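Step one of this worksheet: look at the structure below.
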Protein chains: 2
Amino acid sequence: MARADGHRQIVDLLLPGDFCGFTAGDEYDCTVDAIVEGTVVAGYPRRRVEMLADQDPQLAREIREVTLGAMSRLQAQLLIVGRITAVEKVGSFLLEMAARMSEGPSGLVLLPISRYDIADYLALSVETVSRSLTDLKHRGVIVLSGTRCVKIVDQDALRSERDRSLACAHHRWAH
Amino acid sequence: MARADGHRQIVDLLLPGDFCGFTAGDEYDCTVDAIVEGTVVAGYPRRRVEMLADQDPQLAREIREVTLGAMSRLQAQLLIVGRITAVEKVGSFLLEMAARMSEGPSGLVLLPISRYDIADYLALSVETVSRSLTDLKHRGVIVLSGTRCVKIVDQDALRSERDRSLACAHHRWAH
DNA sequence: CGACATATTGAAGGGCTTCAAGCTACGTGG
DNA sequence: CCACGTAGCTTGAAGCCCTTCAATATGTCG
């Protein structure tokens with residue numbers, strides 16, 4: 001979503017095969033930017049999907065699953081954007097990319113978006129993203145090959161850093 | 001969600017009649033705190049809901065609607081938490097409360113949660129929430145009666161402030 | 001009333017943003 | 001092929017907003 005002050009907030013990051021979140025209103029109030037060349041964005045009219053879903057329980061079930069996945073991403077995103085520090089945000093982002101991209105051998109990750117997009121995704125400034133990456137590099141946690149290729153050397157360091165600040169108390173509530 | 005460092009991030013704020021977001025995993029990884037006395041939290045087992053939804057298109061449709069509403073709240077929350085300043089966050093919160101609570105006459109709002117909860121909801125510190133409120137008070141935008149009762153005097157000021165920083169470019173994408 | 005949680009207010013410090021200047025990578029045209 | 005221009009990235013310095021710590025105030029319940 002673009003904002004009047006020139007800032008954006010990237011609400012969701014979709015990789016091939018992912019589905020976009022829907023909005024509750026009648027109007028689409030988001031924009032979709034296709035980054036990867038050859039991306040096909042398929043939009044389905046609300047009303048027709050509703051009708052089809054009414055008749056096809058299987059489709060309805062898939063819609064629920066897809067939507068829940070989007071909600072999970074949103075909630076995780078909210079945690080990241082809300083509290084933790086810049087370096088931890090960038091670290092979490094790298095981990096997420098490593099998990100969601102078909103990761104090559106030995107933690108090699110090709111970043112699908114630019115620093116500017118990462119900044120908008122994490123609610124940071126470009127400069128801070130850059131600084132965080134060089135910080136991680138200097139600490140030997142990652143290795144940068146070019147600007148888009150990141151090798152995660154010490155995945156445990158990222159993971160423990162993230163978990164330290166994101167760890168939820170695992171409760172359950174009875175039915 | 002509680003975190004190891006003592007911070008929380010309140011993911012969603014439910015008022016009477018609202019439904020909670022679901023998570024995609026098998027485990028519940030959130031906690032539900034009931035604030036209002038007499039609150040009844042109804043939990044439905046995942047599997048059974050799925051079965052019922054398969055057989056009842058009407059129920060399935062309602063589930064979709066409820067979930068989309070939750071997603072909308074999450075997206076709005078992401079925008080607020082992500083970028084804007086403390087005063088704007090608090091202002092947006094007041095507007096949201098005024099809109100979602102059955103608002104009394106002349107913009108009188110009874111805050112359903114404490115400053116601490118507001119702070120966690122907006123990803124701020126308690127002190128900053130308090131300062132923002134007194135700032136709004138001094139500027140004559142609101143009047144505080146006790147700690148939980150807020151009268152919104154200049155709703156337009158809040159609204160324009162929020163819209164200035166949250167305004168999205170309204171695009172549509174064809175099908 | 002006293003005790004405790006909740007709110008407010010002050011002061012110091014830190015992390016992020018902003019502005020500004022190089023730097024790198026890449027494509028285009030000479 | 002190389003020069004050049006632009007977009008993306010990095011790095012530095014100054015400033016601001018928020019956080020943190022600390023103290024006081026308010027209000028709530030025994």
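Just so we're on the same page: letters track the sequence lines, and every chain starts at 1. Atoms considered below: every heavy atom in the structure, side chains included; atoms not considered: hydrogens, waters and symmetry mates. Fair warning: this is a prediction, and the values are worked out from it, not measured in the lab.
Atom P of nucleotide C:dT17 and atom CD of A:Glu127 are separated by 8 Å, given to the nearest angstrom. When the P atom of D:dT20 is taken as reference, atom OH of B:Tyr116 falls 13 Å away, rounded to whole Å. Remark: P of D:dC16 and CD1 of B:Ile84 are 21 Å apart, rounded to the nearest angstrom. What separates CZ of A:Arg131 from P of D:dA13 is a distance of 11 Å, to the nearest Å. We find that CG of B:Leu124 is positioned 14 Å from C1' of D:dT20, with the value rounded to whole Å. As a whole-Å value, the separation of A:Lys89 NZ from C:dG15 P is 14 Å. Rounded to whole Å, the distance from CG on B:Leu133 to P on D:dT26 is 17 Å. Summarising the geometry, the separation between NE2 on B:His138 and C1' on C:dT8 is reported as 11 Å, rounded to the nearest angstrom.
Distances shorter than 4.0 Å separate some side-chain N or O of A:Thr128 from OP1 or OP2 on C:dT17. OP1 or OP2 of D:dT11 sits under 4.0 Å from a side-chain N or O of A:Thr134. Contact between the side-chain N/O atoms of B:Arg148 and the OP1/OP2 oxygens of C:dA7 is found at a separation under 4.0 Å.
Among D:dC18, C:dT17, C:dT8, the nucleotide with an atom closest to any side-chain atom of B:Leu144 is C:dT8. Here the nucleotide nearest the side chain of A:Ser114, chosen from D:dC18, C:dA11, D:dC9, is D:dC9.
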**OP:** Begin from the C-alpha positions of A:Gln155 and A:Leu95 and carry the test side chain to side chain contact (heavy atoms under 4.5 Å, CB included) through to its verdict.
**Re:** CA-CA 8 Å; A:Gln155 188 157 17; A:Leu95 284 177; 3.8 Å; yes
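Place B:Val126 and A:Val129 on DNA chain C by their nearest nucleotides, and B:Val126 ends up nearer the 5' end.
Residues A:Met97 and A:Pro112 are in side-chain contact: their nearest non-hydrogen atoms beyond the backbone lie under 4.5 Å apart.
A distance of 12.5 Å separates CG of B:Leu158 from CZ of B:Phe93, quoted to the nearest 0.5 Å.
Evaluated for a side chain to side chain contact (heavy atoms under 4.5 Å, CB included) with B:Leu122, the options B:Gln9, B:Glu88, B:Lys89 yield exactly one hit, B:Lys89.
Residue contacts shown for B:Ala123 are limited to sugar-phosphate atoms, with no base heavy atom under 4.0 Å away.
A distance-only check finds a donor-acceptor pair linking the side chain of B:Thr67 to the backbone of B:Ile63 [under 3.5 Å].
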